[in-house]
Each structure stands twice: as C-alpha cells, then as structure tokens.
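Okay, so here's the structure we're looking at.
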Amino acid sequence: MAQIFDRSSNALARASLVLTGLIVIALGVTLNELQRSPWVTRQGQRPDQPVPFSHKHHVQGLGVQCQYCHVTAETSSYAGIPPTKTCINCHAQIWTNAQLLEPVRQSWATGQSLPWIKVHDLPDYVYFSHEIHVNKGIGCASCHGRVDQMPLMYAQNTLQMEWCLDCHRNPAKNLRPTSEIYNMAWEAPASDRPVWCAVGDEQSGLPTAQSVNCVTREPGVEVASLGMPASGVLPQAKYEKFTSQDELGHFLVDHYKIRTPNELASCEVCHR
Amino acid sequence: MAPREGTYGLLAEFDTPGDLIRAAQQARLDGWRRMDCYTPYPVEEVAEAIGFHRNKVPLVTLIGGLMGLAAMFLLEVWISVWAYPLNIGGRPTYSWPAFIVPAYEWTILFAGLSAAFGMLALNGLPALYHPLFNAPNFCDGATTDKFFLCLEALDPKFDLVEAKKYLQSFQPVSVVEVEY
Amino acid sequence: MSEMKNNLVGTIEPAPMTLEQVREKLKNVRGKRYWRSVDELANTPEFQAAVEKEFPGSPHGWGDEVSRRGFLKFMGASAALAGLAGCTKQPDEPIYPYIKAPEDLILGKPMYFATAHPFVTGAVPLLVKTDQFRPIKIDGNPEHPYNQGSSDPFTQATLLDLYDPDRSQHVTYRGENREWAEFAVEFRNKVISTKDGTGIYFLSETITSPTLARQWKAVQAKYPMATLVQYDPAIAGTALSNGLNVQYDLAEADVILSLDADFLSGAGFPGFHQLVRQYAERRKSPEKLNRLYAIESTPTTTGLKAEHRLGLRASEIPAFAAELAKAVGVEGIEAPSYVWTDEQKKFLAALARDLKAHAGKSVVIPGLYQDASVDALALVINTALDSIGKTVNVRNGLITQSSQIRDFKGLLTDLNAGKVDWLVILNANPFYNAPADLNFAAAFEKAKITAHLGSHMDETGQNAQWHIPAAHFLESWSDARAYDGTVSIVQPMIDPLYGGKTAHHFFQALLDEPGLSPYDAVRETWKLVIKGDFETGWRKTLHQGWVEGTADLSDITFSALQPGVSWPAPAPSPKDSLEIIFRPDPNIYDGRWSNVGWLQELPKPVTNLSWDNAALISGATLTKYGLEEDDIVELTVNGRKVNAPVIVVPGHPDNSVTVHLGYGRSFAGRVGSGAGFNAYLIRTSDAPFYAVGSMKKVEGKWGLAVTKSHFQDHRPKLFGGQGNGNNSLEADEAISERGIIRYATLDEYKADPGFANEGETHSTTDKSNTLFPNWEYKDNAWGMSIDMNSCVGCNACIIGCYAENNIPVVGKQQVRIGRNMQWLRIDTYFEGDLAAPRAHFQPMACQHCENAPCEQVCPVGATVHTPEGLNAMVYNRCVGTRYCSNNCPYKVRRFNFLLYSDFETESLKLMRNPDVTVRSRGVMEKCSYCLQRISAAKIEADKENRAIRDGEVVTACQQACPAQAISFGNINDKQSKVAKLQADERSYQVLADLNTRPRTKYVAAVVNLNPELQAGPVEHPAKS
Amino acid sequence: MAVELKDNPKLDPATGEYRVIAPGQSFRSVTEKITRIVLTPTTPLGWFALFGVAGAVATALLVAVTWLFLVGVGIWGITQPVAWGFAIINFVWWIGIGHAGTLISAILLLFKQGWRNSINRFAEAMTIFAVVCAGMFPLIHVGRPWLAYWMLPVPLTMNVWPQFRSPLLWDVFAVSTYAIISVVFWYIGMVPDFGTMRDRAESKLAKYAYGLCSLGWRGSARHWARYETSSLLLAGLATPLVLSVHTVISFDFAVAVLPGWHTTIFPPYFVAGAIYSGFAMVLTLAIPLRKFYHLESLVTERHIDNMGKVMLATGFIVAYGYAMEVFMAWYSASHWEAFMMWNRMFGPMGWAYWVLVTCNLAIPLTTLWSRKLRTNMAFMFLLSIVVNTGMWFERFVIIVTSLYRDFLPSSWGTYRATKWDYMTYVGTLGLFTALFLLFVRFLPMIPMSEIRTMLPGAKITPKKAAEAGD
C-alpha cells in the first residue's frame, strides 16, 4: 500500500497553493472595480423618462439657456426641474400634437406632475448646493458634462465621494470665470486660447461676479466682455493674461475667495 | 519534474535513536553526504550527525517582520497625514505614539507567517508523494517508534551492493532498497 | 441612509405567527433575495404580530406604538443589508415637478410667515418657517414687542400637533362619513327654525379671537336666546377667567414676590414670555440683580429659582398673604388665626421689611390657582407698596368677562332640564375634563342633537353625534390677542390637511352670509381699525404680524383697591389633613397636547418625569404613609377615587399632594391614550385648585420613566458625604465636589469676582502644558455661552431642538431604560436639605470640546473636528461602536439603539427639517450647534465674499429661549456677544480640569440673598 | 510527604514531585493511546450526548445574533450611559481565556517546561476556539454590523480611512493577528502528528485527510531541525503577541478618560487576569477529558498541580491590581477616583464587586496553597469554574460600574441585561464546547512527537554517543 498519493500530487499541491493566492487577489480586484462600476454608480445610464427629452436639441439646436428651465441654480441649493408650464410655453404653439409630447399635454390637462427619473441622484445624507458652486466659478459642464451633446440625459460622472473630493481638494483645476458658467463649450485657457482677468478695487462684500472680470478677447479698443456690461470693464492696464488652467485656476482661487482644500474636504461641508 | 526511475536509495532501520546517531556519524566520517535520517520526534544530535547545523528560517522571519513593521507604519502615516488629514480631537495628524500599536502587531503577524511558511517552503513541503513511502517498513515506523538512515543513490559513493554491505555493518533491524 | 428610501403603507390587523414560521418562510432563500423576501414578509400582518410579540415594547401608549412599528425596524435592517450587498447602490428616485411653479417660491430656500399661536393665557406671536409651504419650524416673532422672538414648549410643539397622524380626518355623523355642507345646512336650518335661538347651546373653549367674539355678538343679535358657554379646565375659576387682568412689569422691580405664582415655568401663566425676559434681563449682570421670593404650594422652577423660597400648603397661602398684608401696613385686614412656625414668622417679617424697603420697586404676583382673596390681597399689597401704575397695571380683560364655572354649571342645569336641543361643542372636551361632581356624561345624554368640533376624535367626539375635524391654527385664518393686548392675525401656512373647520365657520353659518370665509371675517373685523388704505395696511399687518395700535388696554381703576377694605382670607385646612393640589401639566397642559410625542417625552421641569403624571409628595409624607417611590396610591376626594404613582419632589410641602391634569386620556391617540392617570376624576367644581382628601397605598408598582437618577447622600464623611441622608447625592457631587455648578452670593461675588474660576488650571491651557500643541482655528471659531443666572429651566430650548433637528420620539419603555434622544437636556440639581432645597438648572448639550475625547476613540473617524472647531458627527460614516459615548465626560451623545426615526408615517415626513439627515438605526447622534444653520449662513456670506456677521447664526435653542440665556457666535471675533460673555470672569467650563477645552462656557450664577434670611450655609463655588 | 512517597507510585522518588508521565510508557503505547481516541471508528455515546447539548446551545446563539441583526443592538440591555454591556464583557473574558493556551504552548516552551507538552495541544485548541467566540463580539456589537468592514484599511470610493488613534482599531489588528498566529502555530505543531495519524489510519478517507494535513511529513532530520527553529521562533513571537493582545484590550479602557478606566495599571493587570482565567479554563477542560479518555498517565497530577501553582501566582498579581486601584483611589487624591472606588464597592451595583473579590481572591488564594487541594481533581474543577465566574465579574465591574456613574451626576443611569444578552453569552459557551468536542474527536489532542521526547526511550546514553565519537 505504502504510497497514499500519486506522483502528480506534489505538483498539484503546489499548484493549488499558488492558485488560491491568485483567486484571493482576483477577488479583491473585482470588488474594487465593482464598487466604481456603472452598475453601482449608474454613470452613463439613460433611464426611461416619461418624455424622451433631448438636451442636445434644446440647448445646441434651439440655443435655450440653462437657466430658462433650471431657474434657481444661482439662488438655491436646488437647480430646479422645470414645471410643465415651462414646456407648454413653447409647445402650446409648436409640436402641439406630437405623439412624443402626449405626457406633457396630459400633465398640463390633468395637473399630474411628469414623473421624471432622477439622473443625478445623491444619497439623502449629502447636502449639495448649486448656488455656491455656480457663484464660485464651477461650470455646469464640469459636473454634468456636455449636456448640449446629450440627446438623452445621463450622468457623466460617478458622483461618488472620491469624485467630489477630487475637486474639493484642488478646485483650481476646474474653476472658470463666472461669466463662463453656462458655456458648455468652455475649454481651459491655452496659449492659443488665452483669458484676460482683472480684479476690481472693491472686492469684499461684493458678489464674486462683480469683483472679478474675465474676458476671452484681448481687452483693448473694443472690449467684448462676456462677464459684465461693457460699462463695468476695468482699465486695460489691470488685465492679466492666462494661458493655462493652472494659472487661471490659482488666480481665481485667490480672487473668488475659494476656501482652502482643508476646509472644503471637511466632513460637515456636505454631511449634516 | 519528470518522474525519475530506478533506485532512490537504501534505507536502514534502527530501534533506538542511539544506534541511528552512531550510524549517521560514522557514515558522515566515511564521506557520505547525500543521506538523511528519519525520526518520529526531533533528535538534535541526528541533524548534527549528518552535518546539518544552520538553517535560514530565522533570516526569513526577520525579513518578514521588518516588512510588516514598515508596511503598517507607512500606511498609517500616509492615511493620517497625507491621504485624508483630519483634526481628530485636536490631536496632530502625525500621532506616532498611536501608530505604534498596529505596526507592532503587523510586525509579529508577518514574522510569524514567514517563520511558519518559510519553514515549510525550505523543507520543500508539501511533498505528499515521496519515494521513501514506498519502503514497506517506513510508514509504520518513521512516525511512531523507528529510526531510519537513508543513503541516497545520488551520492557519488553510492553503489547498491557496497552500500548495502556498508549499512549492514551497523547491525540495523533491516536494510531495504527504495525505488523512486 | 438607505433605509430612508423605504416606504410601507398602512397598518394591518396582527394575526398570530411565530418567529419559527418566519424562519420557515425564509429557510430556502439567501443573500439579497433573502433580504428582499424579508421585506415582502415584513408586510404581512402575521409577521408584524410576530415581531410585536418578540419586540421588547411597553404596555403603554407609544411603547405599543413602537412595537407595532417593530417590523419597520426589521425593514431598516433588511434594507440596509440589501444596500450593503450592492455597495450602497440607490434605487431609482422620481422627481415630481410643479405644473405651474408658485410665485416667489425658491425651492430649497425656506420662507417665513408671521402668525400667532392663540392660547388661552394670551396669544404667542410667531414667525413660522416653511419649506415648500410646509410649516417646519415655529418660533416667536422677533419683531413683536411682547415676546421678541422667544417662545415656549407648548408653542414649539404645536408643530407636531399639526402633523399628528391621529388627527380626525372626516366629518362624521354617528360614525359614518359625511360632508361639512350636510352639517352646515342642517344646523343652519334648525337654528333658523328656532327663530330666537332657543335651545341652541354652544360649549366652547375660552374665546380669545376678537373676530370670533364679534361673530358671536352678531349671532346673539340675531338669536338672543342662543347661549354660549366657555369652559377651559385649566383657567376656569381663575382671576383670568373672571376677566381680571393685572399686568406686571418686572423690568423695574427690585423685589418680586410670588404668592404661588408660577410665572417662570411656562406659557400656562399669562405673560410668561415677557415676565421671564424682564426677570432674566435683571439677572444678567450682578450690578442690577433683582431678588425673588417665592411662597408656593408645589415646587416649580419659579420657586426653585427664587433667592428665598417658602413651601406652604395651598390653603395656608391666603392666610399668609393676609398676614403679609398686615405686615406691610394695610389697614383693616383680618388674617385667620393660624399657628405659624418660627421659620415662617421669620420669613414673613424679613419679607415684609424687604418689600417696604423697596416700595414702588416691588411686585407681588398672585398665583393663578389660588383663592380669589389672594388676587385681591396681592393687589392691596401692591397698592400699599405704591406699585400700581409703576410695576403693576390693572387692565381690561383679555377675554370676555364671565365666570366659567358658573356658566358651565348653568349649562348642566339646562341640559338636565332638557332645555337643550342643540349642543355644539367647540374645541372643548368636557367628557374628559368636566368637573367630576357635575356628571356631565349623564346630562349630555339629554341634549337632542350634539355636535363636536375637535382636532381629534377624543372622548367627547366619541359621544357626540356629529364630529367635525377642527383646523389647526396653522391651517386657518383667525386673530388673537397677546398678553399685552396686541392683536395678531393668525394666518394659515398650509391648506387644512384634513379639511378642518374652525369656530368661525360655526358662527358664520348662522349669519346672513353663511359662506363667508374666516379670512373675510377677519378682514371685516380689522377694516375699521387699520388706518389708511386698507389693502396696504392689511399687507403690512400680515407681514409684521400684528395690528398697529391694539397694544394699549386702557387701565381701569379697581374700586376694591381702596386700602382699608377687608379681604376675608379663608382659614387654612388643619395641619395634619392631606391637601390635594390640581395643576395643569407643565408639558401637556390640560390634556390638549397629550398626543404630542415631544411633550410627552419631555422630562418635566423639577421632576424630570416623562410620559406620566404622578402624585408629587415630600419625602416626609412618603415616609409618613410608608411608601416608596413608584408605589401606587389611591387618592380620594370626598368619595371619588383615582390611582396614581407617587414620586418625591424636593421642597414639596408636607401633608400635601400635587397631581397634574391632562393625563389618563382614553381617546387621545397612539401617543397619549393610556399615559398617566386622570386627575379630573377627583377634581370638583367647588374645589378646582385644591381640596382636602386622603391617600392610601394599593398594590403594585407603576413603572415611572424618570430621566434623572436621584439618590440621597448617605455616604460617611470618609467618602466625602454628609452622613445624613438629607441631601441629594447628585447635587453634593455636582456642586461641592465636582464644580459642575458654580455660583456665589452677591457678597461673595463682590469679594471675589473671579470665584467661578478660582483654582482653575486648564481653562487657559497653552502649548506649554499639553503633550500635543493646540490646534489653530483661524477663520470662524463657533462657541456658545449659557447664563446660569438667567436660565429658568422652562424646556423651550429642548422642544425647539426637537423640531429643528428631526429628533425621534422613542417611547416610554425606551425612556425608562435611559434611551431618550434629546440632544439637549436641562440638568437639575437640588442643593442642600431636600426638604428645602436650592435648585440649579444647567442646559447640557454637546460641549464641542476642542480636545474631544469622543473623536479620538472612533475607529472609523465618524466624529471629527471641523476647521471651525465644531465637533461634527457624520451619521453616514458611523458604524455604531458607541465608544464615543462611553468616552464623553458629558454623556451628551445619543444612540439609535433601534430604528427610532419614523420612516413610515406620511404626515410626519412633511414636518421634517429638510436640511438635517433623519438618522437611522445603529447611528450615534448629538448636538451639532445647528450646523445646518451655520452652513446656510456660510454660503450666503461666501456668495457676498464677506465674513459672517455676529448674530447671523442663531441656534434653535437660543432662538426659543425666553430668558435669552443662550448666546452663540464666533469667539474669534472679540466684538461678538459670545466672545465678550466667554471673556467674562464669571464664565467657566464644565469639567475644565479634563482639558477637553469645551467651546460651550457657562456664566456662573450670583444670587442676591436677603441678609436676614441667609438660611443655612450657602455652598461656595467648588474647587476643581 | 514521606508517607506519600512510600505508597504513591505517581510520585517521582528522585524529586518527590508528581511524575509528568506515569511510568511504563513506550513510544508505541503512547502513540496507540492517543491515536486510538481519534481513529476508533466508534464514537462514544457520551460524546454524542454532549455534542448534542452544546450544538443546541450554539443554535441559541445563532437565533440571538439573527434577531440582533434584524432589530438592532437595542434588544440588549445597553443604554445611556452604559453603552457597552455583555458584548464587550464577553469579548474581554473570552480573549482572556484564550491567553492561557498561548502561554502554555509558547512561554512554557521557551522556559523549557517539559511538563507542558501533554497539555499544550488542547490548550492551544482552547485558545483558538476562545478567540473565535471573542472575535465575534466586536463585529456583532456595533450598531451597523454590515458596515464593520469600514474598520479595515481598504480603498473605498469614499476615500475615507480608519482612524488609527482609536484603541478599538488597535483591537482589530491585535485580535486578528492573535487569531492568525495561534492557528498557524497550532497547525504547524500538529503537522508531524498528522504524519503519524496518516500512517496509523485504516480507512482510505482518513489516510487522505490526514495525509493532506501532514503535507507529506516524513520526519527527516533536516526538516526536524528547521521545524524546531520555526517552532521556537513562533513561540518567541507568540509570547510578546499574547502579552500585547490583552495590553491592547486594556487600552480600550486605559486610554479613555473615564474614572475606573483611565489607569496605567491595566495592561499588566489585564494580562495576569487573562492567564489566571485561562488556566482555570484549561483545568475546566483537562480534568474531565483525562477522566473520560483515561489519559491519567499522560495528563498527570503534576500538570494539575503546576497549573494550580501558576494560578496562585497570577491570582496574586491580580490581587495586587485590585489593591493598587484602591490605593490609587486614595493616594491620587483625585475625587473622581475616590468616588469611583466608593461607588464600585458600596454603590447600587456594589454586589458585583464583592462577587469578584470572593471568586478571584477569597476562595482561590486561600486554598491553592495546599498541594492536597491542588491535586484534588473534584476541587480543582470546581475552583476553575469559580475563578472563571470571578473573572467574568471583574470585566462586568470594570465596564458597567465605571460607566453607570461617571462625571456628570445628571447623566447617571443603570444597566440591566435582557434575555438576548444572556442568550448570546450562553450561546458562545455552547459554540466553544461544540468546537472543542469536534477537536477531541478528529485531532490528536496530545502532541505525540513532543510526548515521545520525554519518554525514557528517548534518552541517548552518553557512553554510546562517546563510543560513536571515535
């Protein structure tokens, strides 16, 4: 009898040891990927909405401004979902009997709200405020992506805590002039795409937009300020030229009085 | 490795550790090197007899321990000072006294695991199949109350007939040939 | 938390099912499926029952309620675990936008509206915070001259009253649902058919609304025979209900005497908000300290705040008042002969001397629940002391003059005489609270048709043929007079949740325009008063919250005030007889709020009793009757009996029992039904305030929930005790040993202004004597200061905190084992001999220690310090080790041992503050310094690139406090109020020697003792 | 003594001490004795009976924990201010018990205490099962156990990490390390015996099973050499480890500010207490075992006697700890301490303190002096139960009576355990017993290879060795 195990068993034994190790590692990797996967975050998913509303068509095609529908973005924590009336304003005249818009007309007639599905849905214990972001130079597109290119709405980003922190720890890389907040096509400054900014004399007590002025064309004889009525433009001398997001970002951090990463990454900023 | 063929070695069985040690010492004096002894419990003298004095287990353990220490302490410092610095009850982010404890535990953990698995690895275990198990008397004795000396065929001095004679000279209980 | 996503509907009849069967059902499912099927299962009634059986619930009201919701807790777990399986993957959440967005509504920003809380002792002007037109927080109207922004527990709690899920929701006739119109028509036609209103009777709560009064006058004009009877058990028979309205101005009063007047403990006393503010104002700086004497028949915060307190049995007080009148030199006063103890004599003499010494700057306030002679005597004394017109003003009544008890008796006579065709009961509950001797129920039978307007299907609603749900004052238009006479318009914040009606509807239904809405009716009333263009004036009125020029109630001369008139004070009852004193409950008043969980769970001032009322007696009486606390006794007043638990109250007069009204309801709702005992059962119309009775022990224990331990100090000297068991162990420790309470007499303060910090080493810790350098706080550093001299322990702050921070109600059973969730508690310590103690009230919430012990021990960093020095609790990070609570020296952390928050009841969801997370099971929570308010202010300030102004952030407790004892702000800003207060030499930190460096500091009290009465050794501020 | 010598074969004439192993044992007889217990095809009915009971009790634990997860920790008696109750008490108690195993196998090995050999295997087993019971509690006692993994430093999308200043987190590392090292040490110790089992087993299954576990052990001299070094190293590591584990657990309390917790004497006092209760538990197990399986010849009076001595020693260290607490309460002149001590002794829960004094000091420290009693099996068995009770109450006193009356008198409260508390506690006893029964049934409960070294046959006469020399 002697041998209990066959010759091959030695090799087998060693192999199985190695395999176990590999499996453990694989498991870890999978879980790590899983928690960030769209399956969990819904990133990029397009839920079935009562009406297949196309931001692309309305924003890019018709040039409707963000605030036209999302009225309170600048004044409240909540950007606002347009009431049915906002749709009807136009659709009382155009596409009055398009099949697609039936639910809208229904809602208007019956007084029942359109049950939209939240695309950007934060956990209930997260307190996000649109107003402060919009007033401090974070553009819509920074979080929501190129909405003007989305036929159907989806979440561009994971909206996970690590994603929020990524910016809260270094806002400079996403800051843009408040005048450019709603500019979907805004791109970071570059040598061929410079930005000129100037700081007003009176800064404190003034809303950010009025204390700093930025323009995307050489301020000179004829100034095209996107930020303020031409009257408010400051003397040419004061303008500083920026050719990279980094420079601009840090300039804006200083003059928009953005709080320090330490403050912005503190728990109570988002959780109460 | 391709299964070898032929003789693995000659196995001599003894009743007492004393006999085994004597035989082993003699064999080593006579220039045998590829040999090994098998006992049901640790007998230090035997290992000495076949000239096995130092092993690498302590070194492996030391390295393991140091790794554990470094790993945990660095992790702690990275987390508390760099990754997410928070004001915890007014304590400084680099609260090294607090970091000592987990680092200490991991030192022991890694050292311990290295000691155990290092030993097994150095012993080439697991080795579920071994030629010696072919020897009829080995299994019953080696782990209970018999003491074995094995001269391996790989030894340059090895010659089946000679070796058998040589082993007989120690008046073992038996001498058997072990196949691969 | 992910549980928040779960909704369950309806409550189902439980049927028996064992947990074995449950497990059986779940046997073959695992993992996520397992939890899902648990959810499904959780919906089945059997399951509910099973959980109910297993769950440690209580036999009483809310306890059952909690266990009835046991399966929800189950849900909590399952949902959370399911969440875990998917790494907190969220389900789809719908958004329902408006069809047409309302004007000037900014979603996410609150709106504020001025209104008033109509209350029998005078309306409380309010500024109500609404979110999407849902009232979510009630506070005083800061503009209003009367309460200047302060409020009280009742007013704060009316919010929960509005959202009470047990409010009646349908008009019913003999139990079947009907429409209001049906009733209105029938009612109107019937009345018209009577021509003159014969046989039409109204039984109403006290009418405080000028419009309602006007409407009634109109009704009377039309139907002269129609009768209106007002009855409010809490004020019936008091001077107030008799229309006498004497107002006190404590701002100028150096010496105040309370003759059983509990004017510091709650809105139950007319003018509470103003009196407290004026009283507290004089306590803020030792330079202008007033001196308060209290002579009272049952311990109240008023008496315990007093420099000198004399406990007398209720019936002794009139006699004592007479003696006092004589002593201050009023002629012609006859005091009944009575044997006063030397102590009492001494007190009387010293008091009289002191009053005379401060003639013109003194006030004598008679108790609401005393014999009429006390009111009169007080007036006489005040006159003699030349206070009338200075600190005392006699004014027109707030309410229509009538003697409620007499009228009520009249109604009973007519009922029994069968004269009553229609009895319409307006917001009254006589079935529950009518005097026991009148046997209302029997008489009620004799009325032909009965209708009941009420917010709940209460005892009376059960018996009336018609029941009409009443609208809450936040749901309907009306008006009301505040104590100082100012009229506020009561404007609704929200449409009636259940189509409730008001008394206005009833009266209007009988007039020419039956359809006229209360809104129009109210406008009618004020058209004449508001000057200038009405619409503008009206809008201004609504905006500011009161009608201009209604404040001055003309002074009237009270003929009886001529000195020399004799006031017969009744003779006290025999010394050894047992007196039973009836008082409205400090929390649920006359029972109208017994279904308000916040008030039920709120520990009552002085006793710290929650969820029950009890027979309050002195230690001596306890021994005399051979009782132990929590024993059940049978109280008897001429033949009528009720069983009550006993509890000892320090300073209670001997041979005297205090019982609070408002408990023992049978149809209050899920919260109030079955809590406590019904003291109305032994309260008769001839002795509404106190009666002679008897007490005897019966079997069993009651199981009271008292939130504070109270032991007597039996420790021998060796262990730092007094040896005699007379003192409170807690107080001896807190005051003489641990320096938690620090105070001084005026003389001691003058001698050593820094007394509060003597021997203190750590309050000014610097880098040199700490292992770790202190953290720097550059920008804002939030801090709080609490003035121990001003705090009167009225509990307004606690209810304010409840509403602001979505704090759950946990039920009696949980409170009993010490799991109440209030973030803020008022610690009460009884110093010295428990027979005649001095009490100290200390509001205690998270101290936001800079070196917080809790943070250091949290393994997951769920509680951390913010750059502004807040001790932040991150609920969603908490795993619930509870280590922080163990390591908190102040024990101010609260843990959700079970799923306490109600994620199920829809109406309660409307009430929640959207800016505060609703905590779920297994999570630690605590005071956050109202972080949500700080954040809001910060965002505003940052948008304008400016610093936060002092006073821009107001915490909920600070806002509610009528004594303005709490200040909050940035201690880095040396100009801020709080910084100045914290710099005050009387400011000290509790447990400073632990070097926790609390951000909350307390201003030590200074008491202004009368040298003649320096009774007993006054404890000196503690060494730390 | 002299009397004993004459008529008591169990005594070793040379030393007058009890023998470590009864005379007349050979390599084979020992091996037979030990392997038979495991390899016999028939399991004694008693075993089944006991296992049935233990299993049933363990099920109670399962029920209690299920309910706990579904409803919440509120089903326990914990409250404000006593936020820790049975769960943590049991945790500390079980961990403490575990310590004796490691001490016997590691520290006594380092001190070359031969007598330990017969008992170290099941002492270690006891350690592991105790740690299993203990390790459960920190996980289930948290409010949201499904999130307990947040205490591990793993990269999550929150970017938030454990907070390393918390003693609880230290526990996580200490206890997990302790568990892992104990298991490894235990297993490595069994490898050669698995070899023996493999070679003695009849059934094919058994051969395979033990064969796999033995990793193909064949007793080579070189292997033995490395094996011995490795065991010594493991022992050398386990020793500071075992000391650190209870030290760290004592930090849970010592690091806190609470009077009665905040004291520097805790580490040594906890460790001593742990060993004290641990040895008690070893006795609780050893005495019935040797009787039931007729191992008197291998687990002799000597072992019981020695363990009694160890208990006496550690008992006195514990006594010193108690004494110091009282002394410090007075000497520190700190009111907190003084009050805490008074409250502990004479407060509403004073009875618990006196229970622990009786069970831990009064009874054992007076009786353990007598060798007669130390070698009286019935007595020692009862005593071991008493001490275990006492040590449980020690933890109760430390945790509950410190918490329920702390700094602010206003927040004083009380504590009453619920049926769920008791179910959970008793349940762990069942689990422990069940596991232990499985161990004695399927694994060699006495280390044969180590026993062999102590048999007369293992003696190598110097004369012969010398002969071989030339």
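Proteins get letters first, then strands, A, B, ... in listed order; numbering begins at 1 in each. Model, not experiment: these values are computed from the prediction.
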Quick one: does B:Lys146's side chain have a donor or acceptor within less than 3.5 Å of a partner on B:Asp15's backbone?
no
Part of D:Thr31 lying under 4.5 Å from any heavy atom of chain B
side chain
With side chains defined as the heavy atoms from C-beta onward, is the minimum distance between D:Phe91 and D:Val175 less than 4.5 Å?
yes
Would you confirm whether B:Arg28, through its side chain, and B:Ala24, through its main-chain N or O, come within 3.5 Å as a donor-acceptor pair?
no
Could you check which of B:Trp106, B:Phe138, B:Phe117, B:Tyr104 has the highest count of heavy-atom pairs closer than 4.5 Å to chain D?
B:Tyr104
Part of B:Ala83 lying under 4.5 Å from any heavy atom of chain D:
side chain
Relative to chain B, which segment of D:Leu237 carries a heavy atom at a distance below 4.5 Å: side chain, backbone, both, or neither?
both
Look at D:Thr35, D:Val30, D:Thr177, D:Asn159 and state which one has the largest set of heavy-atom pairs under 4.5 Å with chain B.
D:Thr177
Of the listed residues (D:Ala174, D:Ala225, D:Gly195), which shares the most heavy-atom pairs with chain B below a 4.5 Å separation?
D:Ala174
Chain B contacts, top residue of D:Val172, D:Val160, D:Val184, D:Ile188 (heavy-atom pairs, under 4.5 Å)
D:Ile188
Anything under 3.5 Å between a donor and an acceptor, one on a side chain of residues 445-456 of chain D, the other on a protein residue two or more places apart or in another chain? List them.
from     : atom 1 : to       : atom 2 : distance (Å)
D:Glu450 : OE1    : D:Arg116 : NH1    : 3.2
D:Glu450 : OE1    : D:Asn120 : ND2    : 3.4
D:Arg452 : NE     : B:Thr144 : O      : 3.1
D:Arg452 : NH1    : B:Pro40  : O      : 2.8
D:Arg452 : NH2    : B:Thr143 : O      : 2.8
D:Thr453 : OG1    : D:Glu450 : O      : 2.4

Considering only heavy atoms, which portion of B:Leu132 lies under 4.5 Å from any heavy atom of chain D: side chain, backbone, both, or neither?
side chain
Name the option with the most non-hydrogen atom pairs under 4.5 Å to chain D; the candidates are B:Ala127, B:Ala47, B:Pro17, B:Ala111.
B:Ala127
Contact origin within B:Asn123 toward chain D - heavy atom pairs under 4.5 Å:
both
Is there a donor-acceptor contact under 3.5 Å linking the side chains of B:Thr16 and B:Asp19?
yes
Pairing of B:Asp145 and D:Arg28 as salt bridge, 4.0 angstrom limit
yes
Heavy-atom pairs under 4.5 Å with chain D: which of B:Val46, B:Val60, B:Leu122 has the most?
B:Leu122
So which part of B:Val101 gets closer than 4.5 Å to some heavy atom of chain D, the side chain, the backbone, both or neither?
side chain
Contact class of D:Leu241 relative to chain B, heavy atoms under 4.5 angstrom:
both
Any heavy-atom pair between the side chains of B:Glu13 and B:Ser174 that's under 4.5 Å?
yes
Interchain contact, B:Leu113 with chain D, by part (heavy-atom threshold 4.5 Å)
both
So for D:Pro167, is it side chain, backbone, both, or neither that comes closer than 4.5 Å to the heavy atoms of chain B?
neither
Between B:Trp78 and chain D, with a heavy-atom cut-off of 4.5 Å, which part of the residue counts as in contact: side chain, backbone, both or neither?
side chain
At under 4.5 Å between heavy atoms, what parts of residues 247-255 of chain D are in contact with chain B? List them by residue number.
D:Val248, D:Phe251
Segment of D:Glu32 engaging chain B (4.5 angstrom heavy-atom cut-off)
neither
Between chain D and each of B:Gly118, B:Ala23, B:Pro126, count heavy-atom pairs under 4.5 Å; write down the option with the most.
B:Pro126
Out of D:Pro153, D:Gly219, D:Pro240, D:Pro162, which one racks up the most heavy-atom pairs below 4.5 Å with chain B?
D:Gly219
Quick check: do D:Gln163 and B:Tyr84 have side-chain heavy atoms less than 4.5 Å from each other?
no
Considering only heavy atoms, which portion of B:Phe147 lies under 4.5 Å from any heavy atom of chain D: side chain, backbone, both, or neither?
side chain
Counting only heavy atoms not in D:His262, do more than 12 sit closer than 6.0 Å to its NE2 atom?
no
Tell me whether D:Arg200 is salt-bridged to B:Asp140, with the criterion being a basic N under 4.0 Å from an acidic carboxylate O.
yes
Do any N or O atoms from the side chain of B:Glu44 and from the backbone of B:Pro42 form a donor-acceptor pair under 3.5 angstrom?
no
Look at the side chain of D:Ser118 and the backbone N and O of D:Leu298, then say whether any donor-acceptor pair between them is shorter than 3.5 Å.
yes
Do D:Arg121 and D:Asp193 meet the salt-bridge criterion of a basic N to acidic O distance under 4.0 Å?
yes
Have a look at B:Tyr41 and tell me which of D:Trp217, D:Phe27, D:Tyr227 forms a ring pair (Phe, Tyr, Trp, His ring centres under 6.0 Å) with it.
D:Phe27
B:Phe14-B:Phe148 aromatic ring centre distance below 6.0 Å
no
Below 6.0 angstrom between ring centroids: does that apply to D:His99 and D:Tyr178?
yes
